[in-house]
Amino acid sequence: MREYVRAGEIAAILGMDSKTSEWAIWNRMTEDEEDSDIGDRSRWQGRLASEIASGIAKDHGITIAKALEPKIGEGIMPPRAWEISPHTRTNGKPGVLIVMQRTQNSLFGWEAPTKIPEKPLMRFIGAAIAYGYDYAYVGILVDGYRSELYRIEVDPDTRQTVIAKVAEMIEMVRTDDEPVVDYDADRSAIVEGKASVKAEASGESIEKLLTERDEKKALITNLNNQANTAKKRVEQIEAMIIAAIPEGDSIDTGNRIVGVERNKKDKLELKIADKKKDVASLF
(Lines give C-alpha, C1' and ligand atoms only; values in the text may rest on other atoms or scores of the structure.)
Protein backbone atom coordinates (compact mmCIF):
# COMPACT_ATOMS: atom_id res chain seq x y z
CA MET A 1 0.00 0.00 0.00
CA ARG A 2 1.23 3.52 -0.74
CA GLU A 3 -0.14 6.64 0.88
CA TYR A 4 0.55 9.15 -1.84
CA VAL A 5 -0.73 9.91 -5.33
CA ARG A 6 1.62 10.18 -8.28
CA ALA A 7 1.30 13.43 -10.22
CA GLY A 8 0.31 11.45 -13.31
CA GLU A 9 -2.69 9.97 -11.45
CA ILE A 10 -4.33 13.27 -10.53
CA ALA A 11 -6.34 13.54 -13.74
CA ALA A 12 -7.90 10.15 -13.03
CA ILE A 13 -8.97 10.92 -9.47
CA LEU A 14 -10.50 14.18 -10.73
CA GLY A 15 -12.46 12.28 -13.40
CA MET A 16 -10.48 13.79 -16.29
CA ASP A 17 -8.94 10.57 -17.62
CA SER A 18 -11.16 8.64 -20.03
CA LYS A 19 -9.02 5.50 -19.73
CA THR A 20 -8.42 5.32 -15.97
CA SER A 21 -10.87 5.91 -13.14
CA GLU A 22 -10.65 6.85 -9.48
CA TRP A 23 -11.40 3.21 -8.66
CA ALA A 24 -8.43 2.04 -10.73
CA ILE A 25 -6.08 4.45 -8.91
CA TRP A 26 -7.46 3.30 -5.55
CA ASN A 27 -6.73 -0.31 -6.49
CA ARG A 28 -3.27 0.62 -7.69
CA MET A 29 -2.51 2.36 -4.41
CA THR A 30 -3.88 -0.40 -2.18
CA GLU A 31 -1.93 -3.10 -4.03
CA ASP A 32 1.23 -1.16 -4.93
CA GLU A 33 4.58 -2.28 -3.58
CA GLU A 34 7.45 0.09 -4.20
CA ASP A 35 9.92 -1.33 -6.70
CA SER A 36 13.56 -0.44 -6.20
CA ASP A 37 14.33 -1.20 -9.86
CA ILE A 38 13.22 1.80 -11.88
CA GLY A 39 13.93 0.11 -15.21
CA ASP A 40 16.27 0.95 -18.07
CA ARG A 41 14.00 3.53 -19.69
CA SER A 42 13.59 5.58 -16.51
CA ARG A 43 17.29 5.21 -15.71
CA TRP A 44 18.31 6.65 -19.09
CA GLN A 45 15.74 9.42 -18.85
CA GLY A 46 17.26 10.36 -15.51
CA ARG A 47 20.74 10.44 -16.99
CA LEU A 48 19.66 12.67 -19.85
CA ALA A 49 17.19 14.89 -17.97
CA SER A 50 19.74 17.40 -16.60
CA GLU A 51 21.26 18.00 -20.03
CA ILE A 52 17.82 18.39 -21.60
CA ALA A 53 16.75 20.84 -18.88
CA SER A 54 19.92 22.87 -19.37
CA GLY A 55 19.45 23.00 -23.14
CA ILE A 56 15.79 23.99 -22.91
CA ALA A 57 16.59 26.75 -20.41
CA LYS A 58 19.24 28.11 -22.79
CA ASP A 59 16.91 27.86 -25.80
CA HIS A 60 14.13 29.83 -24.11
CA GLY A 61 15.98 32.37 -21.98
CA ILE A 62 15.19 31.05 -18.50
CA THR A 63 17.65 30.39 -15.68
CA ILE A 64 17.86 27.20 -13.66
CA ALA A 65 18.50 28.00 -10.00
CA LYS A 66 18.85 24.44 -8.69
CA ALA A 67 17.78 20.83 -9.10
CA LEU A 68 14.85 19.77 -6.93
CA GLU A 69 14.75 16.51 -5.02
CA PRO A 70 11.51 14.65 -5.81
CA LYS A 71 9.66 14.19 -2.55
CA ILE A 72 6.04 13.94 -1.48
CA GLY A 73 4.28 17.27 -1.00
CA GLU A 74 0.55 17.65 -0.25
CA GLY A 75 0.27 13.88 -0.72
CA ILE A 76 1.66 14.06 -4.28
CA MET A 77 4.85 12.43 -5.59
CA PRO A 78 6.10 14.71 -8.39
CA PRO A 79 8.46 13.91 -11.28
CA ARG A 80 12.06 15.09 -11.36
CA ALA A 81 12.21 18.90 -11.73
CA TRP A 82 14.30 22.06 -11.45
CA GLU A 83 13.68 25.45 -9.85
CA ILE A 84 13.59 28.35 -12.29
CA SER A 85 14.74 31.77 -11.13
CA PRO A 86 12.10 34.53 -10.80
CA HIS A 87 11.01 35.89 -14.16
CA THR A 88 8.62 38.51 -15.49
CA ARG A 89 6.48 35.67 -16.91
CA THR A 90 6.02 34.36 -13.37
CA ASN A 91 5.32 37.74 -11.75
CA GLY A 92 8.75 37.81 -10.18
CA LYS A 93 8.30 34.44 -8.48
CA PRO A 94 10.38 31.28 -8.91
CA GLY A 95 8.84 28.40 -10.85
CA VAL A 96 9.36 24.72 -11.44
CA LEU A 97 10.65 23.22 -14.70
CA ILE A 98 9.63 19.72 -15.78
CA VAL A 99 11.21 18.25 -18.91
CA MET A 100 10.04 15.53 -21.27
CA GLN A 101 11.02 13.89 -24.56
CA ARG A 102 8.26 13.49 -27.15
CA THR A 103 7.70 13.01 -30.85
CA GLN A 104 5.78 15.65 -32.77
CA ASN A 105 2.99 13.16 -33.51
CA SER A 106 2.43 12.58 -29.79
CA LEU A 107 1.86 16.30 -29.17
CA PHE A 108 -1.56 16.48 -30.79
CA GLY A 109 -3.57 19.14 -28.93
CA TRP A 110 -0.50 20.92 -27.55
CA GLU A 111 0.10 24.54 -28.62
CA ALA A 112 2.95 26.54 -27.12
CA PRO A 113 3.18 28.49 -24.96
CA THR A 114 0.08 27.74 -22.85
CA LYS A 115 -2.27 25.16 -24.42
CA ILE A 116 -1.82 21.68 -22.92
CA PRO A 117 -4.42 18.86 -23.01
CA GLU A 118 -6.29 18.42 -19.74
CA LYS A 119 -4.83 15.07 -18.66
CA PRO A 120 -1.10 15.97 -18.85
CA LEU A 121 -1.89 19.48 -17.61
CA MET A 122 -3.11 18.04 -14.31
CA ARG A 123 0.17 16.14 -13.95
CA PHE A 124 2.16 19.36 -14.22
CA ILE A 125 -0.18 21.24 -11.90
CA GLY A 126 0.20 18.40 -9.42
CA ALA A 127 3.99 18.65 -9.67
CA ALA A 128 3.93 22.39 -9.04
CA ILE A 129 1.70 21.87 -6.00
CA ALA A 130 3.94 19.12 -4.63
CA TYR A 131 7.05 21.30 -4.94
CA GLY A 132 5.20 24.35 -3.58
CA TYR A 133 5.21 26.66 -6.63
CA ASP A 134 2.50 28.73 -8.30
CA TYR A 135 4.13 28.55 -11.73
CA ALA A 136 5.42 25.68 -13.81
CA TYR A 137 7.31 25.41 -17.06
CA VAL A 138 7.12 22.30 -19.21
CA GLY A 139 10.12 21.89 -21.48
CA ILE A 140 9.81 19.32 -24.26
CA LEU A 141 12.61 17.98 -26.44
CA VAL A 142 10.70 17.26 -29.67
CA ASP A 143 11.95 14.54 -32.02
CA GLY A 144 15.37 14.78 -30.39
CA TYR A 145 16.46 18.02 -32.05
CA ARG A 146 14.25 21.00 -31.10
CA SER A 147 12.52 22.25 -27.96
CA GLU A 148 9.22 23.79 -26.94
CA LEU A 149 8.39 25.55 -23.68
CA TYR A 150 4.93 25.78 -22.07
CA ARG A 151 3.87 27.96 -19.13
CA ILE A 152 1.34 27.08 -16.44
CA GLU A 153 -0.06 29.12 -13.56
CA VAL A 154 -1.76 27.22 -10.76
CA ASP A 155 -4.82 29.18 -9.69
CA PRO A 156 -5.89 28.99 -6.00
CA ASP A 157 -9.18 27.18 -6.68
CA THR A 158 -7.48 24.42 -8.70
CA ARG A 159 -4.81 24.06 -6.03
CA GLN A 160 -7.39 23.57 -3.30
CA THR A 161 -9.42 21.14 -5.42
CA VAL A 162 -6.38 18.98 -6.15
CA ILE A 163 -5.14 19.00 -2.56
CA ALA A 164 -8.59 18.09 -1.22
CA LYS A 165 -9.12 15.29 -3.74
CA VAL A 166 -5.67 13.82 -3.13
CA ALA A 167 -6.25 13.88 0.64
CA GLU A 168 -9.61 12.18 0.13
CA MET A 169 -8.06 9.42 -1.98
CA ILE A 170 -5.28 8.78 0.54
CA GLU A 171 -7.85 8.55 3.35
CA MET A 172 -9.91 6.08 1.31
CA VAL A 173 -6.81 3.92 0.84
CA ARG A 174 -5.98 4.05 4.55
CA THR A 175 -9.51 3.08 5.58
CA ASP A 176 -10.04 0.55 2.75
CA ASP A 177 -13.03 2.59 1.57
CA GLU A 178 -13.46 1.55 -2.06
CA PRO A 179 -14.73 4.13 -4.60
CA VAL A 180 -17.69 3.31 -6.83
CA VAL A 181 -16.64 1.02 -9.67
CA ASP A 182 -16.84 2.54 -13.13
CA TYR A 183 -17.61 -0.53 -15.23
CA ASP A 184 -17.00 1.26 -18.54
CA ALA A 185 -13.59 2.67 -17.59
CA ASP A 186 -12.50 -0.28 -15.46
CA ARG A 187 -13.73 -3.28 -17.45
CA SER A 188 -10.24 -4.43 -18.45
CA ALA A 189 -8.90 -4.05 -14.92
CA ILE A 190 -11.81 -6.03 -13.50
CA VAL A 191 -11.44 -8.85 -16.01
CA GLU A 192 -7.65 -9.07 -16.27
CA GLY A 193 -6.05 -7.59 -13.18
CA LYS A 194 -5.51 -8.74 -9.62
CA ALA A 195 -7.75 -5.83 -8.67
CA SER A 196 -10.73 -8.01 -9.58
CA VAL A 197 -10.67 -9.26 -5.99
CA LYS A 198 -11.73 -5.78 -4.89
CA ALA A 199 -14.38 -5.28 -7.57
CA GLU A 200 -17.35 -5.19 -5.24
CA ALA A 201 -20.66 -3.77 -6.43
CA SER A 202 -24.19 -3.36 -5.27
CA GLY A 203 -26.97 -5.76 -6.25
CA GLU A 204 -28.59 -2.90 -8.14
CA SER A 205 -25.56 -2.36 -10.39
CA ILE A 206 -25.20 -6.09 -11.05
CA GLU A 207 -28.90 -6.39 -11.88
CA LYS A 208 -28.53 -3.54 -14.36
CA LEU A 209 -25.67 -5.33 -16.07
CA LEU A 210 -27.58 -8.62 -16.15
CA THR A 211 -30.60 -6.88 -17.69
CA GLU A 212 -28.41 -5.43 -20.42
CA ARG A 213 -26.85 -8.87 -20.94
CA ASP A 214 -30.30 -10.44 -21.39
CA GLU A 215 -31.27 -7.75 -23.89
CA LYS A 216 -28.13 -8.34 -25.94
CA LYS A 217 -28.61 -12.11 -25.90
CA ALA A 218 -32.21 -11.69 -27.10
CA LEU A 219 -30.98 -9.40 -29.88
CA ILE A 220 -28.37 -11.96 -30.92
CA THR A 221 -31.01 -14.70 -31.02
CA ASN A 222 -33.30 -12.52 -33.12
CA LEU A 223 -30.52 -11.63 -35.54
CA ASN A 224 -29.49 -15.28 -35.84
CA ASN A 225 -33.10 -16.24 -36.64
CA GLN A 226 -33.28 -13.55 -39.28
CA ALA A 227 -29.95 -14.68 -40.73
CA ASN A 228 -31.10 -18.32 -40.91
CA THR A 229 -34.34 -17.31 -42.63
CA ALA A 230 -32.45 -15.17 -45.12
CA LYS A 231 -29.94 -17.97 -45.76
CA LYS A 232 -32.70 -20.45 -46.55
CA ARG A 233 -34.33 -17.99 -48.94
CA VAL A 234 -31.02 -17.44 -50.74
CA GLU A 235 -30.64 -21.20 -51.16
CA GLN A 236 -34.18 -21.43 -52.56
CA ILE A 237 -33.54 -18.62 -55.05
CA GLU A 238 -30.28 -20.20 -56.22
CA ALA A 239 -31.99 -23.57 -56.71
CA MET A 240 -34.75 -21.94 -58.76
CA ILE A 241 -32.23 -20.19 -61.05
CA ILE A 242 -30.12 -23.32 -61.48
CA ALA A 243 -33.24 -25.25 -62.47
CA ALA A 244 -34.14 -22.57 -65.02
CA ILE A 245 -30.74 -22.43 -66.80
CA PRO A 246 -29.26 -25.51 -68.52
CA GLU A 247 -25.79 -26.53 -67.37
CA GLY A 248 -23.12 -24.75 -69.38
CA ASP A 249 -25.47 -22.04 -70.62
CA SER A 250 -25.80 -18.42 -69.51
CA ILE A 251 -28.43 -15.69 -69.55
CA ASP A 252 -27.94 -11.96 -70.02
CA THR A 253 -30.28 -10.17 -67.55
CA GLY A 254 -29.31 -6.72 -68.78
CA ASN A 255 -27.17 -5.84 -65.79
CA ARG A 256 -25.59 -9.24 -65.20
CA ILE A 257 -24.66 -12.44 -66.97
CA VAL A 258 -25.75 -15.56 -65.08
CA GLY A 259 -24.50 -19.05 -65.85
CA VAL A 260 -24.62 -22.53 -64.35
CA GLU A 261 -21.47 -24.67 -64.02
CA ARG A 262 -20.52 -27.86 -62.20
CA ASN A 263 -17.95 -27.37 -59.45
CA LYS A 264 -15.16 -29.68 -58.24
CA LYS A 265 -17.61 -31.46 -55.93
CA ASP A 266 -19.75 -32.31 -58.96
CA LYS A 267 -22.51 -29.94 -57.88
CA LEU A 268 -24.18 -27.29 -59.99
CA GLU A 269 -23.57 -23.71 -58.91
CA LEU A 270 -24.27 -20.21 -60.15
CA LYS A 271 -21.67 -18.02 -61.78
CA ILE A 272 -22.75 -14.37 -61.71
CA ALA A 273 -20.89 -11.47 -63.32
CA ASP A 274 -21.73 -7.80 -63.31
CA LYS A 275 -21.34 -6.31 -66.77
CA LYS A 276 -19.41 -3.40 -65.26
CA LYS A 277 -16.73 -5.83 -64.16
CA ASP A 278 -14.55 -8.25 -66.10
CA VAL A 279 -17.07 -10.75 -67.39
CA ALA A 280 -14.44 -12.71 -69.29
CA SER A 281 -12.64 -13.66 -66.09
CA LEU A 282 -15.74 -15.42 -64.77
CA PHE A 283 -17.03 -17.23 -67.89
Side-chain angles (χ1 to χ4, degrees), residues 4-26 28-29 32 38-39 41-42 44-46 48-50 52-53 55-57 59-60 62 68 70-84 89-90 95-166 169 182 185-186 188-189:
Y4 61 85
V5 172
R6 295 188 174 97
E9 296 171 334
I10 290 175
I13 68 173
L14 291 176
M16 298 177 180
D17 188 338
S18 61
K19 297 182 178 178
T20 308
S21 73
E22 182 182 22
W23 178 84
I25 300 303
W26 181 89
R28 195 179 293 170
M29 292 173 66
D32 203 11
I38 62 174
R41 180 181 177 85
S42 295
W44 274 103
Q45 286 179 339
L48 297 171
S50 293
I52 293 172
I56 287 175
D59 284 352
H60 297 277
I62 57 177
L68 298 172
K71 59 182 179 180
I72 299 169
E74 301 290 357
I76 302 167
M77 173 59 80
R80 181 183 291 104
W82 291 259
E83 181 183 290
I84 296 300
R89 298 173 188 166
T90 57
V96 60
L97 170 66
I98 303 148
V99 299
M100 301 164 39
Q101 298 182 67
R102 290 290 185 272
T103 63
Q104 184 62 56
N105 289 340
S106 70
L107 292 176
F108 179 79
W110 297 61
E111 294 178 17
T114 59
K115 185 178 179 182
I116 302 174
E118 191 173 57
K119 179 180 174 180
L121 176 62
M122 295 313 303
R123 174 175 182 261
F124 307 133
I125 288 176
I129 292 172
Y131 282 117
Y133 295 89
D134 293 329
Y135 295 89
Y137 286 100
V138 181
I140 304 179
L141 178 61
V142 184
D143 292 333
Y145 70 91
R146 66 181 182 84
S147 67
E148 292 182 357
L149 188 69
Y150 294 78
R151 300 192 302 272
I152 300 165
E153 180 178 359
V154 184
D155 66 83
D157 289 343
T158 300
R159 177 184 295 274
Q160 290 306 314
T161 297
V162 170
I163 290 173
K165 194 64 178 177
V166 167
M169 174 60 72
D182 183 335
D186 300 317
S188 61

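Only heavy atoms go into these numbers, but all of them, side chains included; no hydrogens, no water, no symmetry mates. Model, not experiment: these values are computed from the prediction.
Distance check: Lys115 NZ to Tyr150 OH gives 10.5 Å after rounding to the nearest 0.5 Å. Between the CH2 atom in Trp82 and the OG atom in Ser50 there is a gap of 5.0 Å [rounded to 0.5 Å]. Annotation: the span from Arg151 atom CZ to Thr114 atom OG1 amounts to 7.0 Å, rounded to 0.5 Å.
The two residues Thr103 and Asp143 make their nearest non-hydrogen contact at CA-OD1, 3.1 Å. Residues Asp17 and Lys19 share a closest heavy-atom pair of OD1-N, 2.9 Å. Across all non-hydrogen atoms, the minimal contact from Phe124 to Met100 is CZ-SD, 3.3 Å. Closest heavy-atom contact between Ala81 and Val96: CB-CG2, 3.4 Å. When every heavy atom of Ala136 is checked against every heavy atom of Ala128, the shortest pair comes out as CB-CB, 4.1 Å. Residue Ile98 comes nearest to Ala127 through the heavy atom pair CD1-CB, 3.6 Å, listed as atom of the first residue, atom of the second, then distance.
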- side chain to side chain contact (heavy atoms under 4.5 Å, CB included) between Ile25 and Glu22, intermediate numbers included: CA-CA 5 Å; Ile25 300 303; Glu22 182 182 22; 5.8 Å; no
- Message: Between Leu121 and Met16, does the side chain to side chain contact (heavy atoms under 4.5 Å, CB included) criterion hold? Intermediate values first, please.
- Response: CA-CA 10 Å; Leu121 176 62; Met16 298 177 180; over 6 Å; no
- Item | Residues Ile62, Leu149; criterion side chain to side chain contact (heavy atoms under 4.5 Å, CB included); working and verdict | CA-CA 10 Å; Ile62 57 177; Leu149 188 69; 4.2 Å; yes
- Item | side chain to side chain contact (heavy atoms under 4.5 Å, CB included) between Thr20 and Glu9, worked out | CA-CA 9 Å; Thr20 308; Glu9 296 171 334; over 6 Å; no
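Listed by first then second residue, pairs satisfying side chain to side chain donor-acceptor pair (under 3.5 Å) with a partner in residues 124-137 read Glu83-Tyr133, Asn91-Tyr135, Lys93-Asp134, Asp134-Arg159, Tyr135-Glu153, not counting sequence neighbours.
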